[in-house]
Structure formats: C-alpha cells, structure tokens
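One structure is given below, encoded as structure tokens.
Scope of the values below: all heavy atoms of this structure, side chains included, with no hydrogens, waters or symmetry mates. Each chain gets a letter, A, B and so on, in the order its sequence line appears, and its residues count up from 1.
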2 protein chains.
Amino acid sequence: MATGRTHRPATRSRGIPEATVARLPLYLRALTALSERSVPTVSSEELAAAAGVNSAKLRKDFSYLGSYGTRGVGYDVEYLVYQISRELGLTQDWPVVIVGIGNLGAALANYGGFASRGFRVAALIDADPAMAGKPVAGMPVQHTDDLEKIITDNGVSIGVIATPAGAAQQVCDRLVAAGVTSILNFAPTVLSVPDGVDVRKVDLSIELQILAFHEQRKAGEEGSGDGTAAPAAAQEHRKGPDGDVPAVMPA
Amino acid sequence: MATGRTHRPATRSRGIPEATVARLPLYLRALTALSERSVPTVSSEELAAAAGVNSAKLRKDFSYLGSYGTRGVGYDVEYLVYQISRELGLTQDWPVVIVGIGNLGAALANYGGFASRGFRVAALIDADPAMAGKPVAGMPVQHTDDLEKIITDNGVSIGVIATPAGAAQQVCDRLVAAGVTSILNFAPTVLSVPDGVDVRKVDLSIELQILAFHEQRKAGEEGSGDGTAAPAAAQEHRKGPDGDVPAVMPA
DNA sequence: GAATGTGAATGCTTTCACAGCA
DNA sequence: TGCTGTGAAAGCATTCACATTC
C-alpha cells in the first residue's frame with residue numbers, strides 16, 4: 001500500500017462530504033472483520049450488505065477517496081482498510097482523556113473499541129477526591145485539579161465528557177483552554193465552544209425519544225395497509241444505516 | 001423512508017421530516033429547562049440559542065407540528081412542551097428492557113434521563129447466571145432465560161442492547177420474536193431485523209473516529225489561512241448542533 | 001413594532017443507470 | 001462478462017426573506 005500518500009493528484013477535491021465521513025467508520029469495521037477472516041477482495045455489493053448500506057452509496061462514498069477498486073473484481077480488503085484508516089487519521093495515535101468517571105465514564109474506560117482503532121486512553125479524570133487513585137480499567141483515576149497538566153503532558157487533543165450536565169460546560173472550558181480541540185459530549189447539555197473546536201454529542205435519552213416517536217406512529221397505524229410483520233432477517237437494504245444526525249459543529 | 005405505506009390521508013400532512021423529529025428532543029429539553037425556571041414565553045431566537053440551532057430551522061420545524069406560536073410574541077413554553085411531548089409519544093409510558101448489564105448496561109440503568117421523559121426501565125437482563133438477582137440501580141438483574149416472559153408480561157416494545165457484539169444479533173432476534181419493535185443498539189454490529197422494526201445505533205468508537213478525521217484535518221491545515229485558534233467562547237452560532245447521524249432504519 | 005409561518009432559493013445526499021475498464 | 005466509477009436526476013434539508021398577524 002503505497003508509502004503514505006500514494007498519489008495525491010493535487011487536484012482531488014479536498015472535502016469529503018460529511019455524510020460520507022460518518023460512514024467511513026462503518027466500512028472500516030466491516031472491512032476489518034473481512035480482513036480477520038483473510039478475505040482478499042470484496043465487491044461493493046457484499047461490503048455494502050455487511051456495513052448495512054446500499055452499494056450505490058458505498059461506491060459513491062469511495063469515489064470521494066479515490067479509485068481504489070478494480071472493475072470486474074472489487075476492492076482489495078487490506079488496501080482499503082489502510083486507505084480508510086489513513087483518511088480518518090487512524091494511522092496515528094490519539095491520546096484521549098475521559099472526564100467524569102461515574103458509571104458511564106467507567107464503561108467508556110473499559111470499552112475495547114477505542115484501543116483497537118488508534119485511540120489510547122491517556123487519563124481518567126474525576127472531580128471527586130474520593131475517586132482519586134482508585135483504579136478503573138487498570139488505570140488510576142486522577143483529580144480534576146491536574147486536568148491542565150495532564151492535557152499538556154500527554155498532548156491530548158480529544159476529550160470525552162461524561163460528567164453530570166451541570167459540570168459539563170465548566171469542564172469543557174477547561175479542556176479547551178488547555179488545548180483540546182475535539183470533544184465528545186455525553187452530558188445532556190449544549191456546549192459552547194470557540195471556533196475551531198469540534199463537538200459531537202451522544203444523548204441516550206434523545207435516541208430513545210426518536211424511537212418512541214416511530215413506535216407511537218406504528219401503534220397508531222396498526223393494520224393500515226402493508227402492516228404485516230415481515231419474515232425476519234430482511235436485512236438486505238434497510239434505509240441506510242445512517243440517518244445521520246449526530247452533531248458535528250465546526251463550532 | 002416510509003415503509004411501504006402509501007399516502008397519508010386526512011388532516012395535517014402527516015409526515016414530519018426525520019431531521020425535524022431528531023431535533024424535537026433537543027427543543028423539549030431546552031423548553032423543560034425554561035419551564036422549570038417558570039419562563040412563560042420564548043421567542044424562536046431565544047429557544048434556538050438554547051437548543052443550539054438557528055431560529056429559521058426551529059421555526060420551520062415547528063411549522064410541521066402546527067401553528068403553536070403567536071406573532072409578535074413567541075411561543076408559550078408550557079403549551080409547546082405539551083405539544084412536542086405528545087408528538088414524540090412521551091405522554092404515554094414506555095416500558096424498556098436493557099439487555100447486557102456490563103459497565104454500559106449499568107450506566108444506562110442508572111441514567112436519569114430515561115425516567116424523566118416517559119421511559120421506565122421494566123427489567124435488566126443478563127446472560128451471566130452470576131449476575132442474576134444482583135441489584136443494579138435498585139433492581140434485580142434477571143436471567144436471559146426469562147427474556148420472552150419479561151417482554152410479554154410487561155408489554156415491552158422497546159429494547160436496549162448493551163451486550164458484547166457477538167451476542168447482539170441473537171439477543172435482537174429473541175427480542176423481536178417476543179414482540180419488541182424498536183431497538184437501541186450499543187453493540188458494534190449491524191443488526192438484521194424484519195420490516196417494521198426500527199433500530200437506532202450508538203457507536204462510541206464511530207463518534208471518536210469522526211472527531212479524529214476533523215482533528216487530523218485541522219493539524220494538516222495549521223497556519224493555512226484563518227487557522228489561528230479563536231479566542232474562546234465564541235459560542236454564538238455554531239454550526240448547528242446536529243449533524244445528525246445516528247441510524248434510523250425502518251428496517 | 002415584533003416575531004411567527006412559509007413559499008422560494010439554495011445546498012446536500014441519495015439514487016439511478018450506464019459508460020468504461022479489467 | 002462483471003463490477004467499478006460517475007454524470008445526471010431526484011429527493012431532502014437548510015436558509016432566505018418577507019408577507020402576515022398580534
């Protein structure tokens with residue numbers, strides 16, 4: 001796979017659509033699974049099914065990255081894994097800090113999905129003095145007082161906020177002041193950040209509310225038209241695994 | 001997206017855009033906060049700022065629900081809270097089961113955001129016999145063997161999957177077979193479900209990967225043009241709190 | 001005067017469908 | 001022949017800007 005930047009035709013329209021970026025991790029996961037099974041190549045149709053999107057969308061997405069496939073054959077799994085990883089910036093190491101080590105923070109600290117992609121949990125931080133020193137996920141929790149030093153010493157640019165809503169903005173401000181420029185927010189609050197800082201949020205209750213909306217709709221339409229539950233395992237082409245919604249704000 | 005279902009007769013053009021639905025919980029949260037501070041009315045401008053969107057979008061969103069505002073004045077907070085809650089189906093009680101009581105499952109069980117919106121955790125289910133009976137969030141964990149009975153007895157239609165990836169599809173199949181028609185999936189897998197079942201997924205590692213993409217972009221553009229980090233606290237109008245991304249698949 | 005509600009304009013995303021290449 | 005890569009068409013979502021209403 002080409003030394004770093006194979007070709008970069010200079011011209012390639014910098015600027016991959018946000019919707020495409022949001023799907024790259026999906027493709028990457030499916031590809032990694034194939035790679036582990038030593039599958040050498042895959043067609044857009046097969047890969048799309050594994051990722052839960054339709055093949056036209058997938059091909060269009062890949063076309064923004066370059067022409068990495070072979071007509072009549074498909075895509076080379078290893079090569080694609082590398083190209084997507086590079087595009088996402090996962091070929092480098094990203095130290096991350098998690099602030100707020102409650103139930104959720106602990107769950108995140110133990111989450112295996114981080115380490116497996118270029119993320120490394122550099123520190124766990126909590127405001128409760130009683131937590132300080134306690135090991136969580138094999139790592140001692142540090143006190144908020146040292147937040148700035150931790151960020152600086154580890155060159156952290158990505159922070160995860162898992163504190164209660166009330167503390168989130170304050171923590172956010174400190175993270176940003178210390179140099180963090182990307183934040184993943186689990187607290188149910190709208191964070192204010194300066195220009196140049198990205199925030200994505202995950203809100204469990206919002207997801208459930210959206211489900212409730214559709215659920216209610218179903219109940220109300222009982223027996224109207226095509227209703228009947230399908231066989232099961234329709235999989236095929238569902239809508240598209242992404243309604244896309246999260247929040248990316250170039251702030 | 002629409003499931004097969006043909007037109008939607010009758011009154012108000014049934015069919016609120018998916019993007020709008022995804023923002024209703026945001027508005028609801030902002031409104032609830034205002035309500036708690038006994039604020040009687042709010043303008044689209046103010047509410048939009050509180051929710052992190054721009055006012056034109058908010059007004060357009062509300063226009064899909066009906067004309068609940070007063071020109072020259074704004075919106076009545078209480079009234080809007082009610083209307084949005086009703087639209088989202090939160091005026092009714094939604095029993096929910098959480099399957100997979102590891103770190104994440106426990107965090108979800110303890111999460112306050114559920115109860116405060118019409119959700120009620122009806123049961124916690126885990127496959128580990130050692131967990132059975134153990135109290136989590138003040139509630140005994142039940143064994144997977146009883147999954148079907150629990151679903152049926154409680155009339156559960158929404159299930160949350162917080163198991164390891166390997167167990168997710170199997171759990172999903174059992175939930176669906178038992179009558180669940182909406183699933184919130186935290187396991188990093190694409191779930192196959194029959195038509196009529198909605199799945200939304202939350203993937204922590206995906207969110208981080210999207211942040212890494214933007215982070216990398218920033219680093220690469222250092223000093224290119226406007227680069228320079230902004231003062232901090234620009235807040236004002238960020239992009240829009242929602243890039244929207246989750247996955248709703250009418251499956 | 002103030003702020004909503006909404007056609008029209010703009011911009012993105014998805015889907016189609018087929019030319020082009022291995 | 002088989003499957004990618006991509007213009008063009010279709011579908012959604014966001015933003016504009018202003019007539020309308022209180």
Please report, rounded to the nearest Å, how far the [atom2] atom of [N] is from the [atom1] atom of [X].
| X | N | atom1 | atom2 | result |
| --- | --- | --- | --- | --- |
| A:D76 | D:dT4 | CG | P | 13 Å |
| A:L80 | D:dT4 | CG | P | 11 Å |
| A:N54 | C:dT14 | CG | P | 9 Å |
| A:L47 | D:dT4 | CG | C1' | 13 Å |

Could you please spell out the steps behind the side-chain contact (heavy atoms from CB on, under 4.5 Å) verdict for A:S157 and A:V180? CA-CA 4 Å; A:S157 56; A:V180 165; 5.9 Å; no

Residues forming a ring-ring contact (aromatic ring centres under 6.0 Å, His included) with A:F186, sequence neighbours excluded: none

Among B:I158, B:V176, B:V171, B:V160, exactly one meets side chain to side chain contact (heavy atoms under 4.5 Å, CB included) together with B:I183. Which residue is that? B:V176

OG1 on B:T91 to CD on B:Q83, rounded to 0.5 Å: 10.0 Å

Other residues, nucleotides and ligands only: do more than 12 of their heavy atoms fall within 6.0 Å of CD on B:Q92? yes

If we ignore angles and hydrogens, is there a donor and acceptor under 3.5 Å between the side chains of B:S205 and B:Q209? yes

Starting from the C-alpha separation in whole Å, work towards a yes-or-no answer on ring pair (Phe, Tyr, Trp, His ring centres under 6.0 Å) for A:Y68 and A:Y75. CA-CA 7 Å; A:Y68 298 144; A:Y75 301 91; 8.7 Å; no

Assign a letter to each nucleotide of nucleotides 4-12 of chain C from its 5' end: B, base within under 4.0 Å of a protein heavy atom; S, sugar-phosphate only; -, no contact. BBBBB----

Got a salt bridge between B:R217 and A:E87, using NZ or NE/NH1/NH2 to carboxylate O under 4.0 Å? yes

Between the first and last five pairs of the helix from C:dG1-D:dC22 to C:dA22-D:dT1, the angle of the axes, rounded to 10 degrees: 10°

